[in-house]
Amino acid sequence: MLVTDTVILDGITTGVSTGSDPEQISRKSVLINMTSQIVPVITIDGPSGAGKGTIAQNVASELGFHILDSGSLYRLTALASLNADLDLTNESAISEIALNLPVVFKPTSSGLQILLSGKDVSETIRKEEIGMRASKVAAIPAVRDALLARQRGFLENPGLVADGRDLGTTIFPDAPLKVFMTASAEERAERRYKQLKAKGINANIAALVKDLKLRDEQDANRAVSPLKPAADAIQIDTTEMGIDEVTQMVLDLVKQRLA
Ligand code: DC
């Protein structure tokens, strides 16, 4: 499915649960295996800046569903491993960090606050360099394994909207609705540029395009769970779409698939 109009940005952080207690996670994982057919999950995958985060947030709030911003878990792992001064080659130590991330997603009146070891890192993890490191740690198979149960731990009634790269292919392969959202690299860079500008941060569009393309390449070409649409995903090109239009389109799909 190809559609047209303009969406602004992903990167609005949402999320609801820590899924951080390992015992709770393993209990939930069992529950999920038994209930994945009845707790509805909508997956939204796609490259960085395609609008996944914004749309996931809108759809979740319209449906009253929980939300999982899976990229934030990779970003947190990237930040925590950087804080621990770990080299990217130290895969076992980074996976250990991913497994035990001391993170709390705290809803506040101004959005979701992300606390890592009690410190508010909501803004820090959105930095371009953390995104790039996240893409690198995400290529480590043991990191992906470490975050698997935690991601499934977000599945709770009345339902979940989960966005990332492999939610439809690996994390929730039985999801009744899978969306794969794309947009041209130039359009995605333009959105990122406007987002940074709005925050008073200087940016260079050419550098942003270069970074996005590099990240796409890393994410799409890694051996484990690469960025790619699930066979049964509905693809939406948001290059020329508006936020409301994409949100409505996904909500219409929800009506058809989850009725
Ligand atoms: O969606 P994002 O830009 O916040 O994600 C940051 C990085 O994390 C992204 O470049 C690749 C990785 N990631 C992943 O490999 N799998 C996911 N489900 C989500 C993110």
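Heavy-atom basis, side chains included; hydrogens, waters and symmetry copies ignored. Read the numbers this way: they start at 1 and go in the same order the structure lists the ligands and their atoms.
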Would Asp216 and Arg188 pass as an ion pair if we require N to O under 4.0 Å? yes
At less than 4.0 angstrom from any non-hydrogen atom of Arg75, what atoms of ligand 1 do you find? 2 (P), 3 (O), 4 (O), 6 (C)
Hey, does Ser70 come in under 3.5 Å of ligand 1, counting only N/O atoms on both sides? yes
Can you sort out which atoms of ligand 1 are near Leu167, meaning under 4.0 Å from one of its heavy atoms? 18 (N)
Is it true that Arg144 and Asp166 have a side-chain N and a carboxylate O under 4.0 angstrom from each other? yes
Would you say Met132 touches ligand 1, if touching means a heavy atom closer than 4.0 Å? no
Is Asp69 paired with Arg126 through a side-chain N to carboxylate O contact shorter than 4.0 Å? yes
The remaining residues in the hydrophobic cluster of Phe180, counting side-chain heavy-atom contacts under 4.5 Å among Ile, Leu, Val, Met, Phe, Trp and Tyr, are Leu227
Looking only at non-hydrogen atoms, which of Arg126, Arg144, Arg165 approaches atom 15 (O) of ligand 1 most closely? Arg144
NZ/NE/NH1/NH2 to OD/OE distance under 4.0 Å, Glu186 and Arg191: no
Any chance you could pull the hydrophobic cluster mates of Leu214, using side-chain heavy atoms under 4.5 angstrom and chaining through other members? Met132
Which ligand 1 atoms, with their elements, are less than 4.0 angstrom from a heavy-atom of Asp219? 9 (C), 10 (O), 11 (C)
Can you find an N or O of Lys52 that's nearer than 3.5 Å to an N or O of ligand 1? no
Which atoms of ligand 1 have any heavy atom of Gly164 under 4.0 Å away? 18 (N), 19 (C)
